[in-house]
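Atom set for the values below is all heavy atoms of this structure, side chains included, hydrogens, waters and symmetry mates excluded. For clarity, every value in this text was computed on a predicted model and none was experimentally measured.
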Amino acid sequence: MNNYYQTDAYTGVQREGMHKVLRQAYTLVALSLIPTIIGAFISVQTNVVLNLMVSSPIIFFIGFMVAFYGLSFAIEANKTSVTGLVLMFVFTFLMGMMLGPLLTLALKSTNGWQYIGIAAGGTAGLFLVLAILGGDKTKDFSPIGKYVGALGIVMIITIALNFLFLKMPMINLILSMLIIPFSGAIILWRVNSVVRGGEDNYISVALDIYIALYNIFSSLLRLILASND
């Protein structure tokens with residue numbers, strides 16, 4: 001009974017503070033879509049990422065991983081300052097650039113825009129459901145955090161091996177199917193960590209949610225394209 005009251009005791013200033021963190025995180029994720037769209041547009045128009053991916057896959061993959069994790073760690077290190085916000089927008093612009101090859105593939109299809117819209121709508125709908133579930137402070141999803149790191153490493157290794165050496169489309173499809181629930185679990189966990197008082201930095205929360213949404217969207221789009229071609 002004591003634990004119940006401790007869980008339900010977040011009222012007044014504490015509750016408002018948690019809601020503020022979530023509002024700021026959601027706002028930052030929404031704003032991050034702007035540089036993402038700009039980066040994706042430039043990438044589709046110039047094919048710079050696609051050309052590098054095809055001509056030098058190893059250099060591309062290593063460069064992307066260095067930029068991805070380098071910026072992620074830099075954002076976390078500066079999450080309490082304006083620098084963290086600036087780096088967040090740089091990061092999301094880069095991620096938009098990385099979407100270029102996938103969007104180019106989609107747009108070559110007759111129903112390309114429709115497929116992109118379905119993937120975006122599915123991502124938004126899933127996020128809404130997960131945000132509502134994670135926002136229930138009476139539920140504790142913290143155990144998810146124990147498995148996220150290990151599963152993430154396994155997926156990254158598998159992606160690297162398949163991209164650089166195996167090059168098996170079936171593995172890509174399987175990974176896409178696994179990434180969606182994995183990323184959904186991250187959103188559930190991070191939102192819940194805020195409402196239960198375990199996280200108070202909106203930039204850190206926004207970064208994790210953005211990456212999860214990005215992975216869900218790109219995975220959905222891959223599956224849609226594969227089912228139609």
(message) If you define the side chain from C-beta out and look only at heavy atoms, does anything of F217 sit under 4.5 Å from L99?
(response) yes

(message) Please determine whether side chain to side chain contact (heavy atoms under 4.5 Å, CB included) holds for the pair V205 and V29, giving the CA-CA distance in whole Å, both sets of side-chain angles, and the decisive distance to 0.1 Å.
(response) CA-CA 9 Å; V205 175; V29 171; over 6 Å; no

(request) Flag yes if L128 and F141 sit in one hydrophobic cluster, no otherwise; membership is Ile, Leu, Val, Met, Phe, Trp, Tyr, and two members link when side-chain heavy atoms are under 4.5 Å apart. (result) no

(request) Looking only at non-hydrogen atoms, find the nearest pair between G134 and V195 and report the distance. (result) O-CG2, 3.4 Å

(request) Under the side-chain contact (heavy atoms from CB on, under 4.5 Å) rule, collect the residues that match up with V148, sequence neighbours excluded. (result) I144, F182, I186, W189

(message) Would you say M170 ends up clustered with L221 if hydrophobic residues are merged whenever their side chains have heavy atoms under 4.5 Å apart, either directly or through other cluster members?
(response) yes

(request) Work out which heavy atom in L94 is nearest to a heavy atom in A67; give both atom names and the distance. (result) CD2-CB, 3.6 Å

(request) Would you check if the side chain of N192 reaches a backbone N or O of L188 as a donor-acceptor pair within less than 3.5 Å? (result) no

(message) What's the separation between atom CG in L28 and atom OG1 in T92, rounded to the nearest 0.5 Å?
(response) 8.0 Å

(message) Give me the atom names and distance for the closest heavy-atom approach of S183 to N215.
(response) OG-CB, 3.5 Å

(request) State the CG-CG distance between L220 and L225, to the nearest 0.5 angstrom. (result) 11.0 Å

(message) Apply side chain to side chain contact (heavy atoms under 4.5 Å, CB included) to residues L71 and M88 and explain how you reach the verdict.
(response) CA-CA 8 Å; L71 283 171; M88 179 74 175; over 6 Å; no

(message) Can you tell me how far apart CD1 (I203) and OG1 (T83) are? Round to the nearest 0.5 Å.
(response) 9.5 Å

(request) State whether the side chain of S219 and the backbone N or O of I216 hold a donor-acceptor pair below 3.5 Å, judged by distance alone. (result) no

(message) Around atom CD1 of I118, are there more than 12 heavy atoms from other residues, nucleotides or ligands closer than 6.0 Å?
(response) yes

(message) Are L173 and F163 linked, directly or through intermediate hydrophobic residues, by side-chain heavy-atom contacts shorter than 4.5 Å (ILVMFWY only)?
(response) yes

(message) Check for me, please, whether I37 and L103 land in the same ILVMFWY cluster - side-chain distances under 4.5 Å, paths through other members count.
(response) no

(request) Begin with the C-alpha distance, continue with both residues' side-chain angles, and end with the deciding distance and a verdict on side chain to side chain contact (heavy atoms under 4.5 Å, CB included) for F60 and V54. (result) CA-CA 9 Å; F60 165 79; V54 173; over 6 Å; no

(message) Restricting to non-hydrogen atoms, name the atom on S218 and the atom on L102 that form the minimum distance, rounded to 0.1 Å.
(response) O-CD2, 3.6 Å

(message) Give me the atom names and distance for the closest heavy-atom approach of A212 to I187.
(response) CB-CG1, 3.5 Å

(message) Can a side-chain donor-acceptor contact be found between D140 and S142 if the only test is distance below 3.5 angstrom?
(response) yes

(message) Give me the atom names and distance for the closest heavy-atom approach of L207 to S72.
(response) CD2-O, 4.0 Å

(message) How long is the straight-line distance from CE of M98 back to OG1 of T36, given to the nearest 0.5 Å?
(response) 12.0 Å

(message) Given 3.5 Å as the limit, does a donor-acceptor pair link the side chain of D200 with the main chain of V194, or not?
(response) no

(request) Report the distance from atom CG of N228 to atom CD of Q114, rounding to the nearest 0.5 Å. (result) 8.5 Å

(request) Output yes when a side-chain donor or acceptor of S81 lies under 3.5 Å from a complementary backbone atom of N78, and no otherwise. (result) yes

(message) Against S32, only a single residue in F93, Y210, Y214 fulfils side chain to side chain contact (heavy atoms under 4.5 Å, CB included); can you say which?
(response) Y210

(request) Please list all pairs passing the side-chain hydrogen bond (donor to acceptor under 3.5 Å, both in side chains) test where one or both residues lie in residues 161-176, with sequence neighbours left out. (result) N162-N172

(request) Determine yes or no for a side-chain-to-main-chain donor-acceptor pair under 3.5 angstrom, with N201 supplying the side chain and S204 the backbone. (result) yes

(request) Ignoring hydrogens and angles, tell me if any N or O in the side chain of S193 forms a donor-acceptor pair with the backbone of R190 under 3.5 Å. (result) yes

(request) Could you tell me how the ring of F64 sits relative to the ring of F68: parallel (under 30°), tilted (30 to 60°) or perpendicular (over 60°)? (result) tilted

(request) Please tell me if the side chains of V191 and L133 come closer than 4.5 Å, counting only heavy atoms from C-beta onward. (result) no

(request) Keeping the roles fixed (side chain from S43, backbone from G39), state whether a donor-acceptor pair exists under 3.5 Å. (result) no

(request) Tell me whether the centres of the aromatic rings in Y202 and Y26 are closer together than 6.0 Å. (result) no

(request) Give a yes or no answer on whether the side chain of T123 reaches the backbone of L213 with a donor-acceptor pair at less than 3.5 Å. (result) no

(request) Nearest 0.5 Å please: distance from the CZ atom of R222 over to the CD1 atom of I180. (result) 10.0 Å

(message) Counting neighbours of CE on M65 that are heavy atoms of other residues, nucleotides or ligands and sit closer than 6.0 Å, is the number greater than 12?
(response) yes

